[in-house]
Number of protein chains: 2
Amino acid sequence: MTSLDVSREAGVSQSAVSRAFTPGAHISPDTRRRVLDAAERLGYQPNAIARSLVTQRSGIVALIVGELHNPFYPQALSQMAQALEARGKRALLLTHDGRRDVQETLDAARSYQIEAAVVFPTRLSSTPPSLGDPLTDGVPVLLFNRQLPGHDLLSVSCDNHAGGRLAAQLLYGSGARRLAFVGGDPDTSTHQDRLRGFAGWLAEAGVELLAAPARAFQYDWGMQATLDLHTAGLRPDGIFAANDIVALGVLDALRVLGRRVPDDVSVIGFDGIPEGARAAYRLTTIRQPLDLMIEDALEALFGPPGPATGRLHPGELVWRGTVGGAQP
Amino acid sequence: MTSLDVSREAGVSQSAVSRAFTPGAHISPDTRRRVLDAAERLGYQPNAIARSLVTQRSGIVALIVGELHNPFYPQALSQMAQALEARGKRALLLTHDGRRDVQETLDAARSYQIEAAVVFPTRLSSTPPSLGDPLTDGVPVLLFNRQLPGHDLLSVSCDNHAGGRLAAQLLYGSGARRLAFVGGDPDTSTHQDRLRGFAGWLAEAGVELLAAPARAFQYDWGMQATLDLHTAGLRPDGIFAANDIVALGVLDALRVLGRRVPDDVSVIGFDGIPEGARAAYRLTTIRQPLDLMIEDALEALFGPPGPATGRLHPGELVWRGTVGGAQP
DNA sequence: CTGAAAGCGCTTACAG
DNA sequence: CTGAAAGCGCTTACAG
């Protein structure tokens, strides 16, 4: 079923059929009606592939995702896909398992004439050399929630550094003085920036950072790190977890250890995943403004050229039950 | 950068360039080498859009997802995308918010000449009339983990009915006699089949089903339903939750109520999400064999025509700590 | 406003 | 094995 079939059915030229489906094309309302009716009868739909070929605009945006352990990312992914649809774009989903190069995945995507690519974090740091300019080569590439120093890629992130400072301030404000950071993947900018902010504020306040073990953004790790901390006799009274998933592990470990939250120890996370709101946790956290970040990402990719890199969005404090003292 | 550019660089015809990139094409190793080298130098990649147009095979498969509240689905989605890539297909991600018709989403996808579509469940039941044959119209459509009676769609599911029976048997085996089902979305086949299996087995055993409240596949609902059950004085000693997410809510409610698991009450879930394995839950559950289901889905879509509908995979018992008695 | 025609970048008979 | 040519289903100057 092609536009030619429709043109015959409607008694017009094939060009007219094309115009009827092109918003803003010069075509009389009457002709458009006839074409649309004929198309309806025949169940015709324009072939987006053919259109892409001639217009040189595929309308396709690559979404590259790694492991989806952290519930923050499926949500980001699905909201991004929706936002893309709202702009008339299509999302091509590509997975990246961390073993191969992101560049390879991008190359594969590029054969579909993608207009842009959004990379959702995995352990990006392991492959920076290849993530240089050749990658962008024509298509804008945006890192969501990661930054790669020394590379000229677009990027939209939460202000992790400021979030780290805020976490320190809040924990300090709750009265805690024996403070620990339970990190995530130490090779990621999110981990690094949050830690820098946290440690920086503490240093300025003259408070020692008790410990900062790091390994992975995972529940199990949060639990184990907390257990280890106590085995080592460190017994912090304030813990900043690198993200919410880790924080949940921290909280469950504290439960096992019999330490009361927030009476004995205050805990704060980062991300704002729905799970943290559950009655079993009531996690106080710094929420990433996902809606804004996604809007901004699309703006960076498709809007007028602006600052090429590192758009930062302040996190929002979500005050629940795991940090002691009064809400600031 | 087109095949013509490469042909000039390599000193061959444009056809030769095409053949060099077509596996199994008749081309001398020498010519192929020359072309590939030239392509490498110029950074050429075949245009998949143009290829799709002429071969009439886009290699694109639509993945239609709704809300991703249940962590089971992001995982299914990402594994499906990977499995597709392994077969040389591409995943076009489309969202379906439940307000609009699935048919609309599919129509939009079809303009990209998709070769197949996989629909991940949302509240599908609300739109059955439109999910008829016109939808399949050329492209095979597969419902993942849902069945739509009266429609001739492909479908791959866990054997929910058998799973429900197993849950009843296990709970009964643990000594429980006051049994409740905490349902999910009552309009879905997963909810319905699990309940039928559960209630059926109990009926045969002559055990009364205490209650079967249902609303949504969500943590909060699991919690609320359990609280309600106890407020109503029902105090079950065995609970089958419609899925794991609901089961976690059930467990947290029981914790709040001070009822010990599995001493006072046994709980079993369905799905096998990683979260259920956490120390805070140790949920006994019936795991859906995701890998097998995905393989089977691809087989149904791209393999030789087989039984058109309703492939069922038995769930696997994952014995952890929330059902009393010995492991069967 | 409308139609005939060129052309987007490929694949694939066809002839050699 | 190789090249010239037709054609996939569209959009878009171009002329009317």
Side-chain angles (χ1 to χ4, degrees), chain A residues 1-36 38-39 42-60 88 90 107-115 138-139, chain B residues 1-36 38-39 42-60 88 90 107-115 138-139:
Chain A
M1 190 57 50
T2 73
S3 58
L4 200 63
D5 298 312
V6 178
S7 73
R8 279 196 277 258
E9 169 84 10
V12 296
S13 74
Q14 183 266 331
S15 318
V17 176
S18 175
R19 294 198 179 96
F21 283 96
T22 306
H26 284 310
I27 186 173
S28 75
D30 182 54
T31 309
R32 161 164 278 147
R33 228 346 346 115
R34 287 234 299 287
V35 170
L36 262 25
L42 301 181
Y44 167 81
Q45 259 200 327
N47 182 328
I49 296 284
R51 172 185 293 169
S52 300
L53 186 60
V54 53
T55 59
Q56 306 278 48
R57 310 188 68 250
S58 67
I60 297 177
R90 294 284 158 217
D107 281 340
R110 198 160 333 109
S111 73
Y112 278 88
Q113 313 304 106
I114 56 172
E115 295 182 2
V139 305
Chain B
M1 190 57 49
T2 73
S3 57
L4 200 63
D5 298 312
V6 177
S7 72
R8 279 196 277 257
E9 169 85 8
V12 297
S13 73
Q14 184 267 330
S15 317
V17 176
S18 174
R19 292 197 181 98
F21 284 95
T22 306
H26 284 311
I27 185 173
S28 75
D30 183 55
T31 309
R32 162 165 277 146
R33 230 341 351 114
R34 288 234 301 286
V35 171
L36 260 26
L42 301 181
Y44 167 80
Q45 259 201 327
N47 182 327
I49 296 285
R51 173 184 293 169
S52 300
L53 186 60
V54 54
T55 60
Q56 307 277 49
R57 310 187 68 252
S58 68
I60 297 177
R90 295 283 159 217
D107 281 340
R110 198 159 333 108
S111 73
Y112 278 87
Q113 313 304 107
I114 56 171
E115 294 182 2
V139 305

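Numbered from 1 within each chain, the chains take letters A, B, ... in sequence-line order.
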Between A:R33 and A:D30, is there a side-chain N and carboxylate O pair less than 4.0 Å apart? no

Out of C:dG9, D:dC1, C:dT11, minimum distance to the side chain of B:S28 belongs to D:dC1

Does a side-chain N or O from B:S3 land closer than 4.0 Å to OP1 or OP2 of C:dG9, or not? no

Report the distance from atom CG of A:D5 to atom C1' of D:dC10, rounded to the nearest whole Å. 13 Å

By nearest-nucleotide position on DNA chain D, the 5'-leaning member of B:V54 and B:P29 is B:P29

Just to be sure I understand the rule, does B:S52 reach a base, reach only the sugar-phosphate, or reach nothing, if contact means heavy atoms closer than 4.0 Å? nothing

Closest non-hydrogen atoms of B:M1 and B:Y44, given as atom of the first, atom of the second and distance, are O-CD1, 3.6 Å

Whole-Å distance separating the CZ atom of A:R57 from the C1' atom of D:dT11: 13 Å

Would you say A:Y44 places a side-chain N or O within less than 4.0 Å of OP1 or OP2 belonging to D:dC10? yes

If I take atom CZ in residue A:R32 and atom C1' in nucleotide C:dT2, what distance separates them, rounded to the nearest angstrom? 14 Å

So what does B:S15 hit on the nucleic acid, given a heavy-atom distance under 4.0 Å: a base, only sugar-phosphate, or nothing? base

Separation of D:dC8 P from B:I49 CD1 (nearest whole Å): 18 Å

Could you check whether B:F21 gets within reach of a base, just the sugar-phosphate, or nothing at all, counting any heavy atom under 4.0 Å? nothing

From the options D:dT2, C:dC10, C:dT2, select the nucleotide whose nearest atom is closest to the side chain of B:T2. C:dC10

Under a 3.5 Å limit for both distances, which nucleotide forms a Watson-Crick or G-U wobble pair with C:dC14, could you say? D:dG3

d(CG, B:L4; P, C:dT11) in whole Å: 13 Å

Contact class for B:T55 vs. all strands (heavy atom < 4.0 Å): base, sugar-phosphate, or nothing? sugar-phosphate

If you look at every strand shown and take non-hydrogen atoms under 4.0 Å, does B:Q14 touch a base, only sugar-phosphate, or nothing? base

For B:V12 and B:V17, the nearest pair of non-hydrogen atoms, with its separation, is CG2-CG2, 4.2 Å

At 4.0 Å (heavy atoms only), tell me whether B:S18 reaches a base, stays on the sugar-phosphate, or touches nothing. base

Atom CG of B:D30 and atom C1' of D:dT2 are separated, to the nearest Å, by 13 Å

Rounded distance [0.5 Å steps], CG in A:L42 versus OG in A:S3: 11.5 Å

With the side chain of B:R19 defined as its heavy atoms from C-beta on, choose the nearest nucleotide among C:dA4, D:dC1, C:dA13. C:dA13

Interatomic distance where CD belongs to B:Q113 and P belongs to D:dG9 [whole Å]: 9 Å

Distance check, rounded to the nearest 0.5 Å: B:R19 atom CZ versus B:H26 atom NE2? 9.5 Å

If you round to the nearest 0.5 Å, how far is CG of A:N47 from CZ of A:F21? 12.0 Å

Rounded to whole angstroms, how far apart are CZ on A:R51 and P on C:dG9? 18 Å

Give a yes/no answer on whether the side chain of B:Q56 brings an N or O atom under 4.0 Å of OP1 or OP2 in D:dG9. yes

